Amino acid sequence: MGQMHTRQRKKIPIISLILILVVFLMMSCGNKKSSDSIENKTPLEEFHDIKFGMFIHWGLYAIPAGEWKGEYVRGIGEWIMRKRQIPVKEYEQLAGKFNPVKFNADEWSQLAVDAGMKYMVITAKHHDGFAMYNSEVSDYNIMDRTPFKRDPLKELAKSNAKYGIKYGFYYSQAQDWHESNAAGNTWDFPEKRDPKPYVEGKALPQVSELLKNYDELALIWFDTPQLITPDQALSLKQNVKELQPTCLVNDRIGFNMGDYIQMNDNSIPTMVYDWNVWEIPATLNDTWGYKKNDQNWKAPRDLIYKLTDIVSKGGNYLLNVGPTAEGIIPEASQKILRTVGKWLEVNGEAIYGTDHTPFFYPNITWKCTTKPGKIYFHIVNWPGTTLEISGVENRVKNAYFLANNEKIEFEQKGNKLIFTLPSKPLDPFNTVILVEIDEMQVEVSPGYGYRDSQEEVSFYARDARFRGEEVRYDWESQTVSGFVNSGYPENELRWYHFPFEDDVYHVDIEYACDDSIAGSEFYFYNRMEEEHRYTGTIQGTKGQFKRFRLMDVTMTKAEDNRLVFGLIENDKSANVRVRRIILSKVL
Ligand code: JFZ
C-alpha cells in the first residue's frame with residue numbers, strides 16, 4: 001500500500017554521491033543537445049503533460065441544430081440523422097446549405113490559447129459520414145458538396161501550428177451512416193453488411209489522407225468501434241503508425257489497441273487512476289454538436305474544479321465546443337472558456353506537467369497535484385482561517401500562494417500541516433497553495449496514500465457524473481438537486497472507476513429535504529450487482545442534513561465499478577438535496 005511514495009531510507013555511499021554530482025555537472029555544462037535529450041519525452045508523456053484540450057464537433061448537423069422539420073429532437077445534436085432516421089438522400093441536402101462564412105481558423109486557435117488549452121481535436125468525419133476536409137476518397141466532403149469550398153481542417157492545421165496548439169482528428173471508423181456497409185444506418189440499409197469494403201475503401205484511405213496532408217498530428221481520435229473486426233482495427237492503427245510514428249491512437253479504436261484511454265463521457269473517476277494515460281471527453285453543455293436550444297452551460301467554477309479534479313487524479317480534460325453552421329463558436333462557450341483561461345494563466349503551473357495526488361482524499365475542501373519537490377494544494381472550498389492537512393511526512397520548507405507569491409504561515413506537527421489563511425479566498429474558484437518540501441518525492445504517511453485501504457469513503461454528489469438541464473450543483477450547501485426528469489440516465493448521479501478492495505460495505509446516504517417534499521422515490525445500486533437494488537422513499541429531514549443507511553453492497557476491484565443514485569420524478573423530487581453516499585466497511 002502506498003509503496004510508490006515510500007522513501008528509501010538506505011544510506012547512499014559517498015562515492016555514488018560524487019558520481020551523481022559529476023554526471024549532473026556534465027549534463028548541466030554540456031552542449032544544448034545533451035541537455036535537450038534529458039528533457040526528451042515520448043509523445044505519450046508529452047500528451048499527458050498538456051492536460052487540457054479543445055474538442056470540436058462540427059459538421060452538417062450544425063444546420064438543423066437540434067431541430068428537424070420544426071420539431072425539437074432530444075439528445076446529442078450530432079446524432080440527429082440517426083435519431084430521426086433521416087434518409088441519406090435527405091440528409092445529404094444539408095451539404096448544399098453548409099456555408100460557414102464566418103469561420104476563422106486563427107480565432108479558433110486563439111480561443112484555445114486564451115482558454116489555456118494545449119491541444120485541439122476536431123471531427124474530420126463523424127458518424128454522419130461527411131468529411132469536413134478535402135477528401136479524394138469520397139466526394140461526400142466539404143470541398144465537393146458545399147458552397148463553402150474551403151478546407152477548414154487545413155486552415156486549422158496552419159493556425160494551430162502558428163499558435164502552438166497540438167492537433168488531432170476525430171474519425172468515426174466504424175459508424176458511417178452514409179455507407180451501406182458501415183455500422184449505424186439501419187433505415188436506409190437494413191440488409192446485412194460486410195464492413196470489409198467500407199473499411200478498406202473509405203475508412204483506411206481517409207485516415208491516410210488525414211495523416212498525409214495535415215502536417216504533424218498529435219493523435220487520431222477513433223470512436224464507437226462496433227462492427228469492425230480486431231484485424232481491421234489493427235490495420236487502421238498500423239496505418240497510422242506507418243505514416244506518422246509519433247501520432248497517438250486513442251482506445252476507442254477498440255480491442256485494447258489504443259495508446260491511451262478514454263473514460264466515459266463526462267465521467268470523472270472517483271479516485272486516482274494511474275494504470276494508463278487517460279482523457280475525459282466532456283461537454284460544455286449537454287451536446288457535442290451545436291444545438292440552438294441548449295444553453296445549459298457549465299459555470300467556469302465547475303469547469304476549473306473539474307479540470308483540477310481530473311488532473312489531480314492523473315487525467316486529461318478534452319472539453320468540447322460545438323460551432324454553429326456559420327462557423328462561430330457560441331459566444332457563451334467563448335466567454336466561459338476565457339474565464340477558465342484567466343485562472344490557468346495564473347495557476348497553470350499547478351496543472352500542466354504535474355503528477356496526480358499522492359493522497360487518498362475524497363473531501364470537499366482541497367485537491368492536490370505535485371511536481372518534484374513541490375505539492376500544490378488546490379483549495380476549492382475555502383475552509384476559513386485554518387486548513388489542516390494530514391499525511392505529509394516531508395519537511396515543508398515554504399508555503400506560498402501561487403497567485404501572488406505571498407508566504408503562508410504554517411505549522412508542522414508530526415504529519416499534520418496547519419496553514420493560517422486569510423478569511424477570504426484569493427481566487428473565487430480555486431486558490432492554489434504551493435508547498436516546497438525538502439525532498440523531490442512526496443512521502444505520505446501510512447494510511448493516507450491514494451491506494452491505501454480506508455474504513456470509510458465518501459462519494460460526494462459534486463463528483464458524480466450528472467447532466468441534464470435541471471440538475472445543479474450548489475457550492476454553498478455542497479449538494480446536488482433538481483432531479484426533475486429522472487429515469488433519464490443524465491439525471492442520475494453516477495460515480496465511476498474506483499479500484500475498491502473486495503469487501504462488503506454499508507451504504508449510507510446524506511441528504512436534506514423539507515418535510516413537505518418527503519415521499520419521493522429513489523433507487524441506488526452498484527453496477528457490479530445491478531439486480532441487488534435499493535429502492536426507498538425520501539424521508540423529511542426538516543431541512544437538516546441526515547444520514548440514512550440504505551443497504552450493504554459487495555464491492556470488487558473491477559475497473560468498471562459504478563455506483564448509481566436516481567430519484568424518480570414527481571412534483572417534489574427537484575428539491576431533495578443530495579450531498580454524498582458513504583461506504584463503510586462491514587466489520
Ligand atoms: C461518442 C459519439 O457517439 C458522440 O457523438 C460523441 O462524438 C462522443 C464524444 O463520442 O459517444 C460516446 C461514446 C462512448 C461513450 C459515451 C459516448 N462511452 O463509452 O461512455
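Every number for a ligand or one of its atoms is a count from 1 in the order of the listing. Keep in mind that what you see is a predicted model, and the values were worked out from it rather than measured. The analysis underlying the following values was restricted to heavy atoms, covering all of them including side chains, and did not include hydrogens, waters or symmetry mates.
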For residues 77-85, tabulate all N or O donor-acceptor pairs below 3.5 Å that involve a side-chain atom, not counting sequence neighbours.
unit_1 : atom_1 : unit_2 : atom_2 : d
E78    : OE1    : G289   : N      : 2.9
R82    : NH1    : G184   : O      : 2.7
R84    : NH1    : E71    : OE1    : 3.3

message: Can you confirm whether more than 12 heavy atoms, excluding those of E216, are under 6.0 Å from its CD atom?
response: no

Name each N or O atom in ligand 1 that is under 3.5 Å from a protein N or O, and give the partner atom and the distance.
unit_1   : atom_1 : unit_2 : atom_2 : d
ligand 1 : 3 (O)  : W79    : NE1    : 3.0
ligand 1 : 3 (O)  : H127   : NE2    : 2.8
ligand 1 : 5 (O)  : E78    : OE2    : 2.5
ligand 1 : 5 (O)  : W79    : NE1    : 2.9
ligand 1 : 5 (O)  : H126   : NE2    : 3.2
ligand 1 : 7 (O)  : H57    : NE2    : 2.6
ligand 1 : 7 (O)  : H126   : NE2    : 2.8
ligand 1 : 7 (O)  : Y170   : OH     : 3.4
ligand 1 : 10 (O) : D223   : OD2    : 2.7
ligand 1 : 10 (O) : R252   : NH1    : 3.3
ligand 1 : 19 (O) : N264   : OD1    : 3.4
ligand 1 : 20 (O) : N264   : OD1    : 3.3

query: Is the NZ atom of K149 crowded by more than 12 outside heavy atoms at less than 6.0 Å?
result: yes

- prompt: What is the ring orientation for F47 with Y260, classed by angle as parallel under 30°, tilted 30 to 60°, or perpendicular over 60°?
  reply: tilted

query: Aromatic rings Y140 and F130: how do their planes relate, parallel, tilted or perpendicular, breaks at 30° and 60°?
result: perpendicular

Residues R467 and D294 bridged, charged N to O under 4.0 Å: no

